[in-house]
Q: 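Sending over a structure as C-alpha cells; questions will come in a sec.
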Amino acid sequence: MPIGTFAENRKRIANIRDEQLKSDLYRALEGISDKKEASAALAEFARSSETYRGIRRARISEPVEIIRIRDKHGKEYKGYKPDSNHCYEIWELPDGKWIPQTLTTFHAHQGKLTAKPHPAARRVMRLHKKDVLFVTHPEHGKMFVNVVKFSTGQLCLAPHHEANVDSRDRDRQDLFKYFRPAPSTLQKWKAQLVKVDEIGKVSNFA
C-alpha cells in the first residue's frame, strides 16, 4: 500500500505487518490532524528515516472472511473471497428504467446467473473489466470509455486514452477522476457496449 495513503486513512496503519514501521509511522504522524501536513510528514519520513529511507509502499495484512468450498467428504479444498465480482449487468424494467445487478465470481463459478429483477425485464448489457463503452458525455461529447472496476451499485469508467487511472483517481492533487455513472446516467449518455479488436478496430456500435 502506498505510504502516502496513510495520511487519509490512518486506521490502516494498524494493518502494517512490520511492527517497527508501524510504530515509526504512528510517531511521524503524532499530533498532526491536517491531511496535507500528514502527507508532508510521511514524505519527510520516507526521505530521512535511517531504517526506511526511500520507502514507497508498506505491506499490510487484512484478515477476510472467505466462502469455503468442500468436497463430497466435507474437506475444505478451496476458498473464494466474497467481494470479488465477475460482471456488472444493466437491466431495463418495463417502465424503461435501467437498474444494475452484480454477479459475484463465486456464483459465476457455480454456474449461477443473476435473476431477472422483473419477469419482463430486458438485459441491456453485461459488463466485465476492460470492456469498452461508447457514450455521449454531456461535457466531453462522444467518447470511448473503459470499464476499470465495479462493485455492487457502482461502476468506474475512464476515457480509453488515460493511463494509471487507479492511482490518479486516489491522488487528490490530480484533476483526473473516474466517471461513476449510475445506470440511469448511462441511459442518458446513450451508452453502447462496443468491441475493439487487437489492432484497435471498433465495431458493434451505431
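Below, each value reflects all heavy atoms present in this structure, side chains not excepted, and no hydrogens, waters or symmetry copies.
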Q: So do the side chains of Val124 and Leu193 get within less than 4.5 Å of each other, counting heavy atoms only?
A: no
Q: May I ask you to say whether Lys22 pairs ionically with Asp18, meaning some side-chain N is under 4.0 Å from a carboxylate O?
A: no
Q: Would you call His128 and His86 a side-chain contact if the rule is heavy atoms closer than 4.5 Å?
A: yes
Q: Can you tell me if Lys177 has over 12 outside heavy atoms packed within less than 6.0 Å of its NZ?
A: yes
Q: Nearest 0.5 Å please: distance from the NZ atom of Lys78 over to the CZ atom of Arg68.
A: 15.0 Å
Q: Where the side chain of Asp169 meets the backbone of Tyr178, is there a donor-acceptor pair that is under 3.5 Å apart?
A: yes
Q: Which atoms form the tightest heavy-atom contact between Ile13 and Tyr26, and what is the distance?
A: CG2-CZ, 3.7 Å
Q: Determine, stepwise, if the pair Leu157 / Asn146 fulfils side-chain contact (heavy atoms from CB on, under 4.5 Å).
A: CA-CA 6 Å; Leu157 307 175; Asn146 292 333; over 6 Å; no
Q: Looking only at heavy atoms, which two atoms of Ala38 and Ile32 are closest? And how far apart?
A: N-CG2, 3.6 Å
Q: May I ask you to check whether over 12 heavy atoms, not counting those of Lys116, lie within 6.0 Å of atom NZ?
A: yes
Q: A side-chain contact here means heavy atoms from C-beta on lying under 4.5 Å apart; do Glu8 and Arg172 qualify?
A: yes
Q: Below 6.0 angstrom between ring centroids: does that apply to His161 and Phe144?
A: no
Q: Has Arg53 got more than 12 heavy atoms of other residues, nucleotides or ligands less than 6.0 Å from its CZ?
A: yes
Q: Quick one, Leu186 with Ile90, criterion side-chain contact (heavy atoms from CB on, under 4.5 Å). Give me CA distance, side-chain angles, the key distance, then yes/no.
A: CA-CA 10 Å; Leu186 286 177; Ile90 298 176; 3.5 Å; yes
Q: Would you call Val135 and Met143 a side-chain contact if the rule is heavy atoms closer than 4.5 Å?
A: yes
Q: Determine, step by step, whether Leu127 and Phe150 satisfy the side-chain contact (heavy atoms from CB on, under 4.5 Å) criterion, reporting the C-alpha distance in whole Å, the side-chain angles of both residues, the deciding distance to 0.1 Å, and the verdict.
A: CA-CA 9 Å; Leu127 302 176; Phe150 48 81; 5.5 Å; no
Q: How about Glu76: does its CD atom have over 12 heavy atoms from other parts shown lying under 6.0 Å from it?
A: yes
Q: Check whether His118 reaches the backbone of Ala120 with its side chain - one donor and one acceptor, N or O, closer than 3.5 Å.
A: yes
Q: Please answer whether the main-chain N or O of Ala46 pairs with a side-chain N or O of Ser49 as donor and acceptor at a distance below 3.5 Å.
A: no
Q: Between Arg27 and Phe45, is any pair of side-chain heavy atoms under 4.5 Å apart?
A: no
Q: Could you tell me whether the side chain of Phe134 reaches within less than 4.5 Å of the side chain of Lys190, counting heavy atoms only?
A: no
Q: Quick check: closest heavy atoms across Gly96 and Gln187, and the distance to 0.1 Å?
A: O-NE2, 2.7 Å
Q: Verify the cluster assignment for Val132 and Val165: are they in a single hydrophobic cluster under the rule of side-chain heavy atoms below 4.5 Å apart?
A: no
Q: Could you see if Leu42 belongs to whatever hydrophobic cluster contains Ile55? Use Ile, Leu, Val, Met, Phe, Trp, Tyr and a side-chain cutoff under 4.5 Å.
A: yes
Q: Can you list the steps and then say if Arg59 with Met1 is a side-chain contact (heavy atoms from CB on, under 4.5 Å)?
A: CA-CA 6 Å; Arg59 188 182 297 273; Met1 183 172 182; over 6 Å; no
Q: Measure the SG-NZ distance between Cys156 and Lys129 for me, rounded to the nearest 0.5 Å.
A: 10.0 Å
Q: Would you say Pro159 and Phe176 make side-chain contact, with heavy atoms under 4.5 Å?
A: yes
Q: Kindly work out whether a path of hydrophobic side-chain contacts (I/L/V/M/F/W/Y, heavy atoms less than 4.5 Å apart) joins Leu103 to Tyr88.
A: no
Q: Taking all atoms of both residues into account, what is the closest heavy-atom pair of Arg57 and Ile3, and its distance?
A: N-CG1, 3.9 Å
Q: Check whether any side-chain heavy atom of Glu92 lies under 4.5 Å from a side-chain heavy atom of Lys97, and answer yes or no.
A: no
Q: Cluster question for you: counting only ILVMFWY and a side-chain heavy-atom cut-off of under 4.5 Å, with indirect links fine, are Leu29 and Ile60 together?
A: yes
Q: Using atom types as modelled and distance alone, determine if a side-chain donor or acceptor of Ser23 lies under 3.5 Å from a backbone N or O of Gln20.
A: no
Q: Any luck finding a side-chain donor-acceptor pair between Trp91 and Glu89 under 3.5 Å?
A: yes
Q: Over 60° means perpendicular and under 30° means parallel, so tell me whether Phe179 and Trp189 are parallel, tilted or perpendicular.
A: perpendicular
Q: Is there a path from Ile99 to Met125 through hydrophobic residues (I, L, V, M, F, W, Y) whose side chains come within less than 4.5 Å of each other?
A: no
Q: With the threshold set at 4.0 Å, does a side-chain nitrogen-carboxylate oxygen contact exist between Asp131 and Arg126?
A: no
Q: Backbone N or O of Ala28 within a donor-acceptor pair of the Glu44 side chain at under 3.5 Å?
A: no
Q: Between Asp197 (side chain) and Ile199 (backbone), is there a donor-acceptor pair under 3.5 Å?
A: yes
Q: How close do Thr102 and Ser151 get, counting heavy atoms only, and between which atoms?
A: OG1-O, 3.6 Å
